[in-house]
Amino acid sequence: MIKLTITTSMEISDEEKAKIEKVFAKKYNEEIYPVYLIDDAIIGGIIVFDGEKVYDGSIRNQLTRLNNSLSE
Amino acid sequence: MENKLLNITQDITKKLESFDFKNHTISTAGRIISCNDGVLTIEGLADVKNGELLYISGDHYALALNLEENAVGAILLTNNPSLSAGDIVYATGRIVGVPVGNMLLGRVINPLGEAIDGGAEIKSSRYRNIEAAAPPIFDRAKVATPLYTGIKAIDCMVPIGKGQRELIIGDRQTGKTALAIDTIINQRDKNVICVYVAIGQKASGIAKIVSALKEHDAMSYTVVVSSMANNPAPLQYIAPYTGTAIAEEFMYQGKDVLIVYDDLSKHAVAYRTISLLLRRPSGREAFPGDIFYIHSKLLERSAKLSESLGGGSLTALPIIETLAGDISAYIPTNVISITDGQIYLESELFHSGIRPAVNVGLSVSRVGGSAQCAAMRKVSGKIRLDLAHYREMLLFSQFGADLDKSTKAILNKGERLTESLKQEQYCPVSMADTVIEMEVMVNDLLSDMPTKEIKSFMDAFISHIHRRHNEIIKNINRTQTLSSEDEETIKGSLNRYKERYYHERIGTKA
């Protein structure tokens, strides 16, 4: 059983939640215990934390990476 | 102008188009389980390395020091962050490193390499890990070139060579920092880069030192790494390693570097704080078991490199503060056994007016004569003996008994030698001037002059030599010896100058 912390910028529908859980259940081959957080500071997209790795697909992170690559 | 703007917009558009937005970052992270007294216990972070820098959102950093099976113990490097249990900690993948290079000269930075002097941000293309291996044996050369401190007592009797570690040890307020700062000021125009590491000092003290260095034109070749008393203990702990990494960069470029650690006693206390908070077992005086190792690995990085590696050198002047003159306490004995000698400053000497308060009997330089020029070596042996005899006879003179002629002569000479070794702060004396002055004193040529007047007389005489007999100075600097002809010239000039001096004094009195 793996605890997943899923952060989105706004409420997502039950279908979308089910989709996410299915993908990660397949990846880890284990049951998922999901925790959903809302944080509008990430602007958009999704961040998933499984206790060991952070999968950062937020718009905030994309903008940060863009900023870093432009200032090189 | 329009073309330039057009180019810039094209550049940006190109970069935007080629940017891969879908390349989402996957970072190793953990979650804070507990956070107390600046120590974080983190679950997760399975692949983190020892000494790795960890990032917490909000620009906070921590240092991973305790790697256990199910948790990681890390210490915070920033003050007062508002963290809660459950916050995410990211691994940066890199060991703590600092920017290095010439852009650091003249700057004051904190141990993480950030500027704290209000100037421009530190940007560098080169970074160095603060922890690095010391140069192996076959990469080193013998310490043979002198590093002049500009302080007569030290350059004469406790000489320091480039690549040596010389400990400055003494009670509080005995002039330890003043000695180090004078040495830094003396390196102007000598092609030596200086790094001053302040560990746990008052901010006002550091400001005073920086302004003194600026006033004497020393900041242009000095880097100040400062971790003040209000910085968290981990920051104070890494400060000397930061300074050493910066200095090593210059050393491996073939340059000569001087580094001052002020002071390692506070460094030991900071490391004790960290170890106790990380619940590591404590030993003598509550210090952890590796308290010797943190200083030995630091000081071993000072070396004189062989010619094949550029011939650079890193000379270290660690400072240790003793309590009530006890140099046999735990940390002082540790560092004494690591360094190549010590300069022992005594508060009794300081309060009786002998400044710099160097106890010549207890101070030693294990490199000694091989890092001294021939001129200095000639006079230093005699002076040390004379001062040793003087100290012996001083006890007898306190009895008020009648003394025979030879004892009186020894006391006379010793008194005058001690007087001439006194020196003002921020007044470094060049090697040639020291040689001439010591030559005069060791041959007891001023035995008829009252002790009080010796200093002002010698100052005037040295300037006289510079004006009238400048070739002697040039000869000494060129050949690094004092020829017998130059000796005779000095003696003759001294006699004539003495007559004139008394004549003028009698003249003004009348």
Side-chain angles (χ1 to χ4, degrees), chain A residues 1-13 16-72, chain B residues 7-33 41-49 52 54-59 64 67-72 82 84-94 120-127:
Chain A
M1 182 86 140
I2 297 187
K3 177 178 172 190
L4 272 183
T5 310
I6 300 159
T7 314
T8 47
S9 61
M10 56 175 111
E11 275 283 350
I12 54 175
S13 66
E16 291 171 326
K17 286 187 186 174
K19 251 199 243 175
I20 297 169
E21 286 166 34
K22 198 164 137 202
V23 165
F24 278 100
K26 200 156 154 221
K27 183 180 160 74
Y28 294 123
N29 221 351
E30 279 207 34
E31 228 184 293
I32 308 278
Y33 171 65
V35 173
Y36 289 94
L37 296 174
I38 314 281
D39 181 12
D40 59 5
I42 72 171
I43 306 172
I46 187 172
I47 301 180
V48 180
F49 178 46
D50 66 352
E52 267 185 26
K53 284 202 158 55
V54 170
Y55 301 88
D56 195 341
S58 65
I59 298 201
R60 176 182 61 182
N61 182 249
Q62 289 178 27
L63 288 174
T64 314
R65 286 188 296 119
L66 184 62
N67 191 6
N68 289 339
S69 91
L70 283 179
S71 52
E72 270 162 30
Chain B
N7 280 338
I8 296 177
T9 14
Q10 281 177 348
D11 237 350
I12 298 182
T13 327
K14 227 192 306 178
K15 279 198 181 155
L16 280 173
E17 282 170 354
S18 64
F19 188 72
D20 184 6
F21 282 94
K22 290 288 195 299
N23 187 16
H24 300 300
T25 41
I26 303 176
S27 14
T28 320
R31 197 194 331 257
I32 299 179
I33 305 176
T41 315
I42 303 164
E43 69 167 354
L45 280 181
D47 300 325
V48 77
K49 302 189 202 75
E52 188 170 327
L54 306 175
Y55 176 76
I56 307 164
S57 57
D59 229 11
L67 305 178
E68 291 154 29
E69 198 179 342
N70 295 318
V72 169
S82 44
S84 1
D87 282 356
I88 298 185
V89 178
Y90 301 87
T92 58
R94 34 175 243 265
E121 204 187 310
I122 309 273
K123 284 198 181 70
S124 171
S125 50
R126 277 189 58 75
Y127 269 72

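Chain letters run A, B, ... following the sequence lines, proteins first and then strands; every chain starts at 1.
Annotation: residues 47-56 of chain A contacts chain B through A:Phe49, A:Gly51, A:Glu52, A:Lys53, A:Val54, A:Tyr55, A:Asp56 [non-hydrogen atoms, separation under 4.5 Å]. Heavy-atom neighbours of chain B within the stretch residues 19-41 of chain A, taken at a separation under 4.5 angstrom, are nonexistent.
Counting non-hydrogen atoms of other residues, nucleotides and ligands closer than 6.0 Å to CE of A:Met10 gives a total of 12 or fewer. B:Gln10 CD: more than 12 foreign heavy atoms inside a 6.0 Å radius.
Taking CD from A:Gln62 and CZ from B:Phe19, the interatomic distance works out to 7.5 Å, rounded to the nearest 0.5 Å.
With sequence neighbours left out, B:Thr28 forms a side-chain hydrogen bond (donor to acceptor under 3.5 Å, both in side chains) with no residue at all. Applying the side-chain contact (heavy atoms from CB on, under 4.5 Å) criterion to B:Thr92, with sequence neighbours excluded, gives B:Glu52, B:Leu53, B:Tyr55, B:Arg94.
With respect to chain A, the highest number of heavy-atom pairs below 4.5 Å among B:Gly44, B:Ala46, B:Ala29, B:Gly30 belongs to B:Ala29.
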